[in-house]
2 protein chains.
Amino acid sequence: MSRASDKAYSQIRELIISGDLAPGEALGEEALAEMCGVSRTPIREALRRLEADMLIRKTESQRSYVSDWSLDDVHDVFELRAMLEGHAARRAADLMDDAVLKALKMHNTRLGEAVSSDPPNVEEFLARNREFHALILRTAASPRLEILLQTLIEQPVIWRTAHHYEVSELVRSHQEHDELIAAFERGDGPWAEAIMTGHIRRAFHAYSDAHQEMMAAETDQEKKRA
Amino acid sequence: MSRASDKAYSQIRELIISGDLAPGEALGEEALAEMCGVSRTPIREALRRLEADMLIRKTESQRSYVSDWSLDDVHDVFELRAMLEGHAARRAADLMDDAVLKALKMHNTRLGEAVSSDPPNVEEFLARNREFHALILRTAASPRLEILLQTLIEQPVIWRTAHHYEVSELVRSHQEHDELIAAFERGDGPWAEAIMTGHIRRAFHAYSDAHQEMMAAETDQEKKRA
DNA sequence: GCGTTCCTTATTGTATACAAAATCGACCCG
DNA sequence: CGGGTCGATTTTGTATACAATAAGGAACGC
């Protein structure tokens with residue numbers, strides 16, 4: 001983490017995830033270098049990594065842009081997540097132990113509290129949700145599965161939209177986590193897989209709704225300007 | 001493809017896949033640069049890409065080595081392939097059209113001929129097998145699924161070992177492809193998925209057997225030397 | 001003899017300069 | 001006025017030099 005390229009990577013990544021660098025925006029190497037206070041060499045390394053993360057794309061002429069995802073793209077990603085995380089849940093059910101189970105319960109309890117509070121603490125919800133899923137993934141004990149899923153999960157479009165989910169979706173999410181925990185306690189892999197797959201698919205619908213809401217809001221603003 | 005980094009990437013990649021660069025071997029940037037006739041800068045770009053392909057790994061101190069895969073690692077990869085290609089097969093069954101179906105039949109016919117010839121044409125078998133699976137994958141119409149699977153499929157350990165499969169395994173593979181085609185003709189997604197998943201899992205067993213055979217052969221050679 | 005410390009050497013990380021390529025705009029021609 | 005070509009400018013690709021860091025080995029003390 002001490003290397004300049006790592007620093008640049010984190011910095012640019014944060015800018016993309018926060019939305020300061022908007023989807024479709026051009027990323028000039030020199031400009032980024034000046035912004036990060038390093039030369040172009042580590043910037044280029046960082047851009048390669050961001051490209052592997054699918055956070056940026058390169059045109060045929062090698063210019064870099066922040067990735068812009070269509071709804072179809074996001075749907076594609078959620079379908080893959082549903083399958084991969086379902087697989088992870090099934091494996092995790094076989095390999096589950098008491099310590100992990102206890103940690104899962106703790107995270108989901110805190111997640112439930114975050115949802116119940118008034119107003120709901122969405123940041124806390126997202127953090128606990130993240131930990132919950134990460135723990136299951138780690139329990140599945142497949143290093144490559146973790147790598148594959150990481151690039152699918154860490155997508156800014158999804159994270160940004162998550163702040164606009166309906167409260168009812170958060171509640172449902174909490175309940176489904178409990179069902180997962182129950183499946184783990186019984187060591188029922190197929191059941192855990194089925195719940196997880198549905199859980200992710202419903203998360204896509206929550207995303208889709210929130211996304212359309214946001215789009216509509218933007219259109220309204222444009223109308224006001226005109 | 002005209003860029004030096006692309007040239008270096010292909011060149012090093014070929015050396016790894018062919019086995020000229022053995023698993024575990026150290027990859028010094030300067031040595032590679034001299035070998036490829038370019039400077040270290042494009043070499044570094046190439047190494048990043050090879051790392052993303054999981055063809056090389058980097059130690060904590062950032063030195064690069066050719067990936068060495070344990071049997072467990074390979075098993076992990078095959079399990080993921082079984083799931084992902086199974087998913088692809090199910091989707092492909094829904095999206096299948098006559099042109100693709102015809103192409104699949106053609107590839108499998110040629111594959112069968114390669115297996116039946118005496119001696120069996122393993123190169124041809126592998127090429128047709130590759131095309132067959134790639135075609136199904138493309139028909140599934142999920143760009144990200146293709147990306148995820150690519151890194152799992154293009155692994156030199158697997159390709160090298162493939163040349164030592166038993167003929168009976170090649171015959172079975174041919175038959176299973178026919179069953180897949182039948183499932184596609186009926187538009188039966190779940191069936192196609194089940195066949196594909198089993199197909200890949202059995203391919204792992206073929207790999208495992210061939211691998212042990214090769215290990216035993218190596219041990220014999222060592223004994224002869226002593 | 002074993003382990004430790006320090007120094008030498010090899011290797012990777014970064015900055016800079018320059019070359020190659022692409023984009024954009026002005027200008028000209030039809 | 002539209003289209004296309006050429007050139008100026010921007011942007012990316014590569015080479016090289018140097019700095020930082022890690023590996024390997026010799027000398028030293030225990």
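We use all heavy atoms of the structure for the numbers below, so side chains are in, but hydrogens, waters and symmetry mates are not. Residue numbering restarts at 1 for every chain, and letters A, B, ... go by the order of the sequence lines. Note that the structure is predicted; figures quoted are calculated from it, not measured.
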Exercise. Which class fits the ring pair A/F204 and A/H75: parallel under 30°, tilted 30 to 60°, perpendicular over 60°?
Worked result: tilted
Exercise. Looking at A/K102 and A/D97, does any basic side-chain N land under 4.0 Å from a carboxylate oxygen?
Worked result: no
For this session: Find which nucleotide of DNA chain C each of A/R63 and B/S64 is nearest to by heavy atoms, and output the residue with the more 5' nucleotide.
Result: B/S64
Exercise. Is it true that the NZ or CZ of B/R160 lies under 6.0 Å from the centre of B/W69's six-membered ring and within 45 degrees of the ring axis?
Worked result: no
Problem set entry | B/R81 NZ/CZ over B/F78 ring centroid, <6.0 Å and within 45° of normal | yes
Exercise. For DNA chain C, which nucleotides open and close the run of contacts to chain B, 5' to 3', at under 4.0 angstrom from a non-hydrogen atom?
Worked result: C/dT11 to C/dT14
Problem set entry | Heavy atoms from other residues, nucleotides or ligands near CG of B/D98 exceed 12 (cutoff 6.0 Å) | no
Exercise. Do B/R44 and B/E29 meet the salt-bridge criterion of a basic N to acidic O distance under 4.0 Å?
Worked result: yes
Problem set entry | Close approaches to DNA chain D from residues 23-51 of chain A, in residue order (heavy atom, under 4.0 Å) | A/L27, A/G28, A/E29, A/R40, A/R44
For this session: Examine D/dG13: is either OP1 or OP2 under 4.0 Å from a nitrogen or oxygen in the side chain of A/Q62? Give yes or no.
Result: yes
Exercise. Thinking salt bridges, do A/E45 and B/R48 make one under a 4.0 Å N-O criterion?
Worked result: yes
For this session: Decide yes or no on side-chain hydrogen bond (donor to acceptor under 3.5 Å, both in side chains) for A/H164 and A/H211, but give the supporting numbers first.
Result: CA-CA 8 Å; A/H164 298 81; A/H211 179 73; over 6 Å; no
For this session: For the pair B/H199 and B/H177, evaluate ring pair (Phe, Tyr, Trp, His ring centres under 6.0 Å) and give the outcome as yes or no after the intermediate values.
Result: CA-CA 8 Å; B/H199 179 58; B/H177 286 181; 4.8 Å; yes
Exercise. Does CD belonging to B/E166 count more than 12 external heavy atoms closer than 6.0 Å?
Worked result: no
Exercise. To 10°, what angle do the rotation axes through the five end pairs on each side of the helix from C/dG1-D/dC30 to C/dG30-D/dC1 form?
Worked result: 20°
